[in-house]
Every structure is written in C-alpha cells, then in structure tokens.
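This is a predicted model, so every value here is computed, not measured.
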Amino acid sequence: MLGTLTILLLCQLAGELIARLLHLPIPGPVLGMLFLFAGLLLRGGVPRAVQDTAGGILRHLSLLFIPAGVGVMTHADRLSAEALPIVLALFGSTLFGVAVTAKVMAALLRPAPNEAANPGTKP
C-alpha cells in the first residue's frame, strides 16, 4: 500500500510541478490524474495493488471533507452575509447545467436526416 500511495502522490507532485512551472490554468492534481491515467493506459490495466489502495481511500473519503467543513465554520459570518448571492449562484448554475445537458441529450437523440427519411433501413 505504501508503494501505491507513493505512486499516486508522485503523479500529483508531477502535475503540481508542471502546472506551476508552466503557469497552466489547470490544477496540479488534475494533471496528476491525467499522468496516472496515461500510465495505466500504457500498462494496459489497473494493478491489483492500485485497486486495493484506491478502494481504501474511497472508503474513508468522508474524512477529506473535514477541512472543507472547518472552512465553512471559519467563514460562517461571511457566508451568512453573502447567502443570497451564493444561493442564487448555486441554483442558477444547477439550472444552467441541467438545461445544457438536456439540449445536448436532445441533439444526440435526434435521428440523422437520412434515418428520418428511411426509418428501419441501415446504411
């Protein structure tokens, strides 16, 4: 497990270094995940040790929300002062996301022009 955690952290470190050195707008951990994904693709699969370690991390994922909860409690005054804009932004972005998803789904489910003219035939 220690070796697998080292690999995961090295991928994150590499992503963080590249993101900072090249001043990329992408967070380092996201680049690290891409490096890990590329490595797993090159290897041809996910080793059992990585599966076990990732499963262990996911089982205790709720612990990672403790710092976020502390941040919310620390900034409770600011959050209460700006509650209306925050709520509007959350609902607005959710509605926008649902609308875009619906439009994309409708576009993807629309039959092709030649398929609409000749239903039941395959090219």
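Connection of Ile26 to Leu22 is established within a shared hydrophobic cluster, with ILVMFWY side chains joined at heavy-atom distances below 4.5 Å, either directly or through further cluster members. With hydrophobic clusters built from ILVMFWY side chains whose heavy atoms lie under 4.5 angstrom apart, Phe96 does not share a cluster with Leu90. At a threshold of 4.5 Å between side-chain heavy atoms, the hydrophobic network of Ile, Leu, Val, Met, Phe, Trp and Tyr places Leu9 and Met33 in two separate groups. The cluster map of Ile, Leu, Val, Met, Phe, Trp and Tyr, joined by side-chain heavy atoms under 4.5 Å apart, puts Val30 and Phe37 in different clusters.
Two residues are said to be in side-chain contact when any heavy atoms from C-beta on lie closer than 4.5 Å; Val70 and Met73 fail this criterion. Residues Leu24 and Ile18 have side chains in contact (heavy-atom distance under 4.5 Å, counting atoms from C-beta outward). With a 4.5 Å cut-off on side-chain heavy atoms, Thr53 and Ile7 do not count as touching. Annotation: side chain of Thr4 is not in contact with side chain of Asp52 (no heavy-atom distance under 4.5 Å).
Grouping Ile, Leu, Val, Met, Phe, Trp and Tyr residues whose side-chain heavy atoms lie under 4.5 Å apart, directly or via other members, places Leu17 in a hydrophobic cluster with Leu10, Leu13.
Partner His60 forms a side chain to side chain contact (heavy atoms under 4.5 Å, CB included) with one of Leu63, Leu64, Leu58 and no other, that one being Leu63.
Identified under the side chain to side chain donor-acceptor pair (under 3.5 Å) test for residues 19-36, with sequence neighbours left out: Glu16-Arg20.
Residue Cys11 holds its SG atom at 10.5 Å from CG of Leu34, rounded to the nearest 0.5 Å.
Minimum interatomic distance between Pro47 and Leu40 (heavy atoms only, all atoms of both residues): CD-CD2, 3.7 Å. In this structure, Ala19 and Pro27 approach most closely via the heavy-atom pair CB-C, 4.4 Å.
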Check against side-chain contact (heavy atoms from CB on, under 4.5 Å), Ile57 and Leu8: CA-CA 11 Å; Ile57 291 171; Leu8 295 174; 4.0 Å; yes
